[in-house]
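In what follows, a structure is listed as structure tokens, so that the remarks can point back to it.
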Amino acid sequence: WEACVEGLAEGGEGGVKKILPQVLGEALLGLKDSNGRTRESAYTLLLVLADASTDDAPGFLTSVLAGLGAKTPHMRSAAVLALARLVYEHAKADGPWGDAVRTLLPPMLQTVTVLFGEEAREVLKSAVSFVRIAITALPPADLEPLLPVTVGALLSHGRGKERFRQKIKIILKKLVRMYGYDSVRASMPEDDVRLLTHMRKVAERAARRKAERRADGGEDDGRFDEMMGSDEEDSDDGRTLMTGVTGFTRMTARSGKSLRSAAQERSEKRSAA
């Protein structure tokens with residue numbers, strides 16, 4: 001995989017475009033490999049292919065999006081992870097890629113929420129990860145109309161699946177901070193309002209305890225509780241999110257540009273030698 005990435009980087013955009021249709025599918029499958037180094041290389045390869053498609057960024061996104069209709073849950077999960085990485089890299093960037101991601105992200109989010117009806121755990125995990133990235137990337141005004149479908153999908157998935165419940169609660173907390181309890185409650189199915197009510201009571205109780213400690217002149221020893229309950233995944237522009245939830249390693253959490261540059265530098269050194 002590393003040799004493949006270096007070879008593509010050495011070949012330039014013209015060489016990449018010629019083999020893009022054949023390589024893209026393999027890159028997506030590599031995102032799900034059990035070997036960490038292979039996943040790192042696959043994410044780097046994805047970004048190299050994306051760079052070579054700058055003149056048709058919407059077309060490249062559409063090609064990856066087509067993977068959501070794949071026959072196997074493995075490929076559908078991989079396609080969602082690829083979309084998450086592309087959104088993460090380009091949602092706030094300038095140029096063709098930034099424009100393409102910002103334009104296509106609302107319909108992409110709506111499409112991914114459909115996957116919450118699946119039973120395959122790997123697809124659900126990828127979908128939750130994508131939603132966490134999407135709600136951070138979308139401007140609040142563009143996300144607000146999508147609240148009912150997004151919240152409804154999350155909660156239809158969350159019932160009875162404790163493994164993802166904490167991740168879903170983190171997303172709900174983020175949405176509450178953005179729009180307030182009333183707006184999020186209005187987007188929730190009536191049967192799930194109790195979850196939001198419980199979250200609100202816990203937050204209010206924690207706030208009262210913090211205020212009491214400060215009023216008594218004591219030190220604020222609630223820092224640990226705050227850290228444990230905070231949405232730290234979004235506090236550093238998604239770096240923790242990318243290394244934890246979506247399975248990206250610390251290496252792939254760096255910008256794609258630095259990874260691609262590293263591959264190019266290794267290729268140049270090898271040629272010079």
Of all heavy-atom pairs linking Ala100 and Ala57, the shortest is CB-CB, 3.7 Å

Minimal heavy-atom distance between Lys174 and Thr136, with the atoms involved, is CE-OG1, 4.0 Å

Rounding to 0.5 Å, atoms CG (Leu28) and CG (Leu81) come to a distance of 9.5 Å

> Parallel, tilted or perpendicular: which fits the ring planes of Trp97 and His90, with parallel below 30° and perpendicular above 60°?
Replying inline: parallel

Rounding to 0.5 Å, atoms CG (Leu109) and CG (Leu83) come to a distance of 11.0 Å

Backbone N/O of Phe60 and side chain of Ser53: donor-acceptor pair under 3.5 Å: no

Which of Leu68, Thr113, Val87 passes side chain to side chain contact (heavy atoms under 4.5 Å, CB included) with Met108? It is Val87

Has the side chain of Ser156 got a donor or acceptor atom that lies under 3.5 Å from a matching backbone atom of Ala153?
-> yes

When every non-hydrogen atom of Asp142 is compared with those of Pro145, the smallest separation belongs to O-CD, 3.4 Å

Ala70 and Met75 have their tightest heavy-atom pair at CB-CG, 3.4 Å

Test side chain to side chain contact (heavy atoms under 4.5 Å, CB included), reference Gln110, set Leu146, Thr150, Leu105, output is Leu146

- Just do the side-chain contact (heavy atoms from CB on, under 4.5 Å) check on Val80 and Val123 with the steps written out, would you? CA-CA 8 Å; Val80 176; Val123 176; 5.5 Å; no

Exercise for the section: For Arg76 and Gly69, indicate whether the former's side chain and the latter's backbone hold a donor-acceptor pair under 3.5 Å. Expected result: no

What's the verdict on side-chain contact (heavy atoms from CB on, under 4.5 Å) for Leu24 and Leu46, showing C-alpha distance, side-chain angles and the deciding distance? CA-CA 7 Å; Leu24 181 57; Leu46 174 70; 4.2 Å; yes

To the nearest 0.5 Å, atom CG of Leu49 lies from atom OG1 of Thr44 at 11.0 Å

Can you find a pair of side-chain heavy atoms, one from Val131 and one from Ile168, that are under 4.5 Å apart? no

Scanning both residues in full, the closest heavy-atom pair of Pro96 with Thr54 reads CB-O, 3.5 Å

Exercise for review: For Ser41 and Thr38, indicate whether the former's side chain and the latter's backbone hold a donor-acceptor pair under 3.5 Å.
Suggested key: no

Rounded to the nearest 0.5 angstrom, the NZ-OG distance for Lys32 and Ser126 is 4.5 Å

Item checked: Backbone of Ala137 reached by a side-chain donor or acceptor of Arg102 within 3.5 Å -> no

| message | With heavy-atom distances below 4.5 Å as the criterion, would you say the side chains of Lys167 and Ile170 are in contact? | response | no

CZ of Phe130 to CZ of Arg85, rounded to nearest 0.5 Å, is 14.5 Å

So NE2 of His74 and CG of Leu31: to nearest 0.5 Å the spacing works out to 9.0 Å

I would like to know whether Val184 and Met178 meet side-chain contact (heavy atoms from CB on, under 4.5 Å); could you show each step before the answer?
CA-CA 9 Å; Val184 176; Met178 295 171 67; over 6 Å; no

